[in-house]
Every structure is written in C-alpha cells, then in structure tokens.
Number of protein chains: 2
Amino acid sequence: MEDRTQSSLIALRRILRATELNARTVARATGLTTPQLIVLEIVASSPRAQPKDIAAKAGVGQATATSLVDKLEARGLVERTRGEHDRRLVWVTATEEGRRVLESAPDPLQHVFSQQFSKLPDWEQAMIVAALEKIGAILNAGAIDASPLLDVGPVDRR
Amino acid sequence: MEDRTQSSLIALRRILRATELNARTVARATGLTTPQLIVLEIVASSPRAQPKDIAAKAGVGQATATSLVDKLEARGLVERTRGEHDRRLVWVTATEEGRRVLESAPDPLQHVFSQQFSKLPDWEQAMIVAALEKIGAILNAGAIDASPLLDVGPVDRR
DNA sequence: AAAAAACATTTCGTTTATCGAATCAATTGT
DNA sequence: ACAATTGATTCGATAAACGAAATGTTTTTT
C-alpha cells in the first residue's frame with residue numbers, strides 16, 4: 001500500500017545520494033568535468049543527438065551545450081555532422097574513442113557493488129538482478145528520449 | 001555465477017546513467033550548484049561534519065570545501081561551530097532550513113519512480129523494496145562514513 | 001518574394017569551482 | 001618549553017560553466 005511506496009522512495013533516495021558523488025568521481029577519472037561527462041553520456045546513449053536536445057536533457061542553455069560539445073569535440077570524443085535534409089541541424093555523435101572512454105571509466109560504485117554482490121546467497125543475487133533491471137526500466141522510461149528519428153535524407157513532399 | 005555479477009553491473013550502470021542527470025536537476029531546483037548540493041547532502045547525512053571530511057567525501061581540496069561551505073552558510077543552510085575540546089576543528093551542521101531544502105526538493109526521478117511503482121503487482125513491489133534496501137546498504141557501505149564520533153566536550157585526560 | 005521561425009553559434013560578462021601555496025591557530029610529541 | 005603536526009582559512013590565479021543577446025543559416029509561412 002502507501003506504505004510500500006514510501007519505503008521504496010526512502011530507499012531510492014538513499015541510493016541517489018550515494019550515486020551523486022559517483023558521477024563526480026567518474027568525471028574526474030576520465031579527465032572530464034561533470035557537465036562534459038553528462039553531455040557525452042547523452043550523446044552516447046543514442047545514435048545521434050541535436051544540440052538543442054542535449055541542452056534540454058542536460059538542463060543547460062543552447063549556448064552552453066554548444067560550448068560543451070566544443071570541448072568534447074576538441075578531444076575527439078564526439079563529432080559533428082550537418083543534417084542532410086535540413087541543414088540547420090547538427091548531429092552530434094560519439095566517436096569510438098568517446099565510447100571507449102565511457103566504457104573504461106573506472107566506476108568506484110560499481111567496484112564496491114560487484115564486490116559485495118558476489119558474497120550474497122544465490123537467491124538474493126537473483127532477486128537483485130531482477131529488481132535492478134526493473135528499476136532501470138522504470139527510471140529510463142522517465143528519461144523519455146524524444147527518440148531520435150533516423151534522418152532518412154531528403155524526402156519528396158508533394 | 002560470473003554471469004549474474006555481469007548482469008547486475010549492466011543494470012546498475014544503466015541506473016547510474018539515469019541518475020546522473022538527476023543530481024543537476026535537483027541542484028538547479030534548489031537554487032544550488034551541484035557541488036554545493038553534494039556538500040549539503042554530506043553535511044545533512046550526519047549530525048555534524050568537519051571540513052576535512054567533507055573535502056574527502058566530496059572529492060575536492062580543503063580550500064574548495066571551505067569555499068563551498070561559505071556559500072551554504074551565507075544562505076543559512078549550514079552553520080559552523082568551533083570544536084569544544086579541540087579548537088582547531090570546525091563542525092558544520094545543517095540548519096533546519098538546510099534540511100527543509102533537501103526534503104522539499106522536487107526530485108523528478110523519484111516522481112517518475114513512485115508513479116510507476118504503484119502500478120506494479122504486490123509481489124513485485126515487495127521484491128523491489130527488499131532489493132532497493134539491500135542495494136542501498138551495499139552502496140552506502142562503500143561510502144565509508146568515518147562515522148562522526150560525538151564531540152563529548154572537554155575530557156579530563158590524566 | 002518577403003517575413004517569420006527555428007537552430008546553432010559567437011560574443012561578452014559574471015559567477016563558480018578548484019587548486020596550490022601561504023598563513024594562522026591550536027594541539028601533540030619530545 | 002620547543003618543534004613538528006594538524007586543521008581551517010585566505011590569497012591568487014585559472015579554467016569552466018552559464019546566461020543573455022546578437023548573428024548567420026536554413027527552413028517555413030504568409
């Protein structure tokens with residue numbers, strides 16, 4: 001009942017608190033700043049992204065988004081290409097290098113987690129995996145991703 | 001076996017990604033910057049904290065920690081008091097106002113979560129609560145909290 | 001064709017974050 | 001008592017982040 005929602009929220013908040021510190025650590029480890037890391041993650045999480053959407057998702061202005069993309073581009077972590085059938089648009093994509101940086105970033109929280117996780121009894125591991133996946137699905141559902149329609153190129157209209 | 005750890009890590013990473021954007025949103029909603037929010041959370045998570053420990057937990061230098069605490073103090077969200085029996089120390093505590101800000105901060109991720117959560121069947125809710133609590137315990141175990149010994153005041157030694 | 005709207009970028013100025021080094025105060029070890 | 005250590009702050013300097021407004025392109029509308 002209500003009670004359960006309450007309990008879950010309290011537990012969730014506790015996790016959120018723990019993870020907030022994590023982002024900073026990861027950012028530092030990759031040599032990026034937190035805003036830069038966030039933009040890189042946004043870009044890498046979909047095949048391509050527009051500066052406008054990046055700004056919206058990251059919660060910054062367009063000007064700032066442009067500047068952050070500049071920084072990432074200078075390091076070869078993302079690339080810009082002009083839109084084919086609408087040349088006002090710019091598509092930002094993560095480079096191989098960019099994805100590699102994200103993958104290889106040492107993540108202290110993951111480290112701690114996997115260490116403790118392996119000690120749990122079998123049934124608990126199974127339960128946690130199932131719950132984690134469900135939670136991930138729920139949270140990611142919220143981060144609606146104005147799913148990047150594929151740019152199919154010039155279309156004959158009319 | 002190995003496989004489960006792998007699955008859980010993948011799921012965890014997905015959650016981490018989703019939550020990283022959240023911190024910025026919450027920070028902005030409270031009128032604080034992300035580093036300030038983190039410091040406030042560190043301070044509020046225990047009855048009192050030393051600048052030195054704040055710096056360590058937040059992953060910044062002492063100088064930076066001092067400056068962040070300055071900002072929070074200027075807004076009346078935290079207070080400083082000198083250590084009783086060791087006057088080199090400074091104890092930073094969250095004010096009522098500071099806690100109120102944290103409590104009342106609209107948290108988009110929590111909103112989405114509670115909404116979806118309530119739709120789940122009973123058994124799944126129970127499972128998730130259990131798992132969330134376990135995960136929270138695991139993650140917070142990593143963020144060791146040099147548990148703030150209570151300052152018992154001047155002690156007669158000898 | 002002209003006007004309006006949409007996007008990205010540039011420019012300028014302000015605020016933060018952050019670090020290292022120096023400084024000050026207080027405590028501890030010898 | 002004296003020297004070394006510890007904790008916090010201050011100072012100075014640099015790099016980011018950020019926003020508002022102006023600019024330049026490229027659609028869309030009218």
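Since the model is a prediction, treat every value here as computed from it, not as a measurement. Below, chain A is the first sequence line, B the second, and so on; all start at residue 1.
The phosphate of C/dC7 (OP1 or OP2) has no side-chain N or O of A/Gln62 nearer than 4.0 angstrom. Note on B/Arg82: every side-chain N or O is 4.0 Å or more away from OP1 and OP2 of D/dT9. For A/Lys71 and D/dA17, the shortest distance from a side-chain N or O to OP1 or OP2 is below 4.0 Å. The phosphate of C/dT9 (OP1 or OP2) has a side-chain N or O of A/Arg80 nearer than 4.0 angstrom. Of the side-chain N and O atoms in A/Gln36, one or more sit less than 4.0 angstrom from OP1 or OP2 of D/dA17. At C/dT18, none of the side-chain N or O atoms of B/Thr64 fall inside 4.0 Å of OP1 or OP2 (strictly under the cut-off).
For the pair B/Arg100 and B/Glu97, the salt-bridge criterion is met [side-chain N within less than 4.0 Å of a carboxylate O]. Between A/Arg17 and A/Glu20, no side-chain nitrogen of the basic residue sits less than 4.0 Å from a carboxylate oxygen of the acidic one, so the salt-bridge criterion is not met.
A pairwise comparison of heavy atoms in B/Ala58 and B/Ile38 identifies CB-CG2, 4.3 Å as the closest pair.
Rounding to whole angstrom units, CH2 of residue A/Trp91 and P of C/dT9 are separated by 13 Å. The interatomic distance linking B/Asp86 (CG) with D/dA8 (C1') rounds to 11 Å, in whole Å. Rounded to whole angstrom, the span from the CG atom of B/Asp70 across to the C1' atom of D/dT10 amounts to 10 Å. C/dA25 atom P lies 20 Å from atom CD of B/Gln50, rounded to whole Å. One interatomic measurement links the two molecules: CG of A/Asp53 to C1' of C/dA8, which rounds to 13 Å at whole-angstrom precision. For the pair A/Ile54 CD1 and C/dT9 C1', the interatomic distance rounds to 14 Å; values are reported in whole Å. In this structure, A/Glu84 places its CD atom 14 Å from C1' of D/dT26, rounding to the nearest Å. With rounding to whole Å, A/Leu32 atom CG is found 17 Å from D/dA15 atom P.
Comparing D/dT10, D/dA8, C/dA8 by their closest approach to the side chain of B/Lys52 singles out D/dA8. When distances are taken from the side chain of B/Arg28 to each of C/dA26, D/dC18, C/dA8, the shortest belongs to D/dC18. The side chain of B/Leu68 lies closest to C/dT18 when the candidates are D/dA8, C/dT18, C/dT11. Taking only side-chain atoms of B/Arg75, from C-beta outward, the nucleotide of C/dC7, C/dT16, C/dT10 with the closest atom is C/dT16. With C/dA26, D/dA20, C/dC19 as the candidates, the nucleotide lying closest to the side chain of B/Val60 is C/dC19.
Using a 4.5 Å heavy-atom cutoff, the side chains of B/Arg4 and A/Asp122 are in contact. Taking the side chain as every heavy atom from C-beta outward, B/Ile138 and A/Leu120 approach each other to under 4.5 Å.
When atom types are taken as modelled, the side chain of B/Thr25 and the backbone of B/Leu21 share a donor-acceptor pair closer than 3.5 angstrom.
The residue among A/Ala63 and A/Leu89 whose nearest nucleotide of DNA chain C lies closer to the 5′ end is A/Leu89.
Among the atoms of the strands shown, none is found under 4.0 Å from any heavy atom of A/Ser67.
Judged by atom type and distance alone, A/Arg88 does not reach the base of D/dT25 through any side-chain donor-acceptor pair under 3.5 Å.
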